[in-house]
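What follows is a short report on a single structure.
Values below: all heavy atoms of this structure, side chains included; hydrogens, waters and symmetry mates excluded. All chains are named by letter (A, B, ...) in the order of the sequence lines, taking the proteins before the strands, and each is independently numbered beginning at 1.
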Amino acid sequence: MSREVRYWLLKTEPESFSIDDLAAAPRKTTCWDGVRNYQARNSLRDDFKPGDHVLFYHSSAKPPAIVGTATVTRGGYPDNTAWQNVNHHFDPKSTAENPIWYMVDIKFESKFAEPLALESLRKVPALAKMELLRKGSRLSVQPVREDEFEIVLQLAAGTKRRTAKK
DNA sequence: GCCAACGTTGGC
DNA sequence: GCCAACGTTGGC
């Protein structure tokens, strides 16, 4: 029995890694390393599978916004940056024998014509239950419902059309 | 196991 | 820069 495709949202600060960085990366692919939160880790380790779709979100940006999409090309595997003690994400409790932290690979899929700002997403009733919009939400790796994902894509396409008409 | 102190995230 | 909302740590 084949598993259904799942949908995710990944947060990143564009100053450290942006959608443009992803688009410019070799094979437009990067490993999504450095996640150091257990709930997020569990998603990466257990639930990310190749073919899953990702919304790419810029946090601490002006404005904070969903800026594009990516696809998962490799499911969870140990995050080796955790046991490189020169690395910013070093965690002495994690070893190659007993990895604590996991990463995935994602590939660039699209960059929206216009960012979908957090503020504008809050005005969309169909997205009211989205984890991203929940008060106090801080998860950097979060599940997205299929209908939410589709609505976000439609919104992105809509801003594109309006821009084209100008 | 409780919980206060502390550190981090991230919108504003 | 502020601070609310978390998650983690560690004393007890």
When rounded to whole Å, the CG to C1' distance for the pair A:Leu133 and B:dC12 reads 15 Å
Side-chain atoms of A:Arg138 come closest, of B:dG11, B:dG10, B:dT8, to B:dT8
Rounded to whole Å, the CD-P distance (A:Gln142 to C:dG7) equals 13 Å
Whole-Å distance, A:Glu13 CD to B:dT9 P, equals 8 Å
Within the structure, does a side-chain N or O atom of A:Lys135 lie under 4.0 Å from either OP1 or OP2 of C:dA5? yes
Check: So, do A:Trp101 and A:Tyr38 have ring centers that fall under 6.0 Å from each other?
Finding: yes
Separation of B:dG10 atom C1' from A:Leu10 atom CG, nearest Å, is 16 Å
- prompt: Is any side-chain N or O of A:Tyr57 closer than 4.0 Å to OP1 or OP2 of B:dG11?
  reply: yes
Would you call A:Arg3 and A:Asp52 a salt bridge, taking side-chain N to carboxylate O under 4.0 Å as the test?
yes
Rounded to whole Å, the CG-P distance (A:Asp91 to C:dT8) equals 12 Å
Practice problem: Could you tell me whether A:Arg36 and A:Asp79 make a salt bridge, using a distance below 4.0 angstrom between a side-chain N and a carboxylate O? | Solution: yes
Rounded to whole Å, the NE2-C1' distance (A:His89 to B:dT8) equals 14 Å
In whole angstroms, the gap separating P of C:dA5 from CD of A:Gln39 amounts to 18 Å
- Item | Test item: side-chain donor near acceptor, A:Ser137 and A:Glu131, under 3.5 Å | yes
Rounded to whole Å, the CZ-P distance (A:Arg134 to C:dA4) equals 17 Å
| message | Check this one for me: any side-chain N or O of A:Arg36 less than 4.0 Å away from OP1 or OP2 of B:dG7? | response | no
Picking from C:dT8, B:dG11, B:dG10, the nucleotide nearest the side-chain atoms of A:Pro64 would be B:dG11
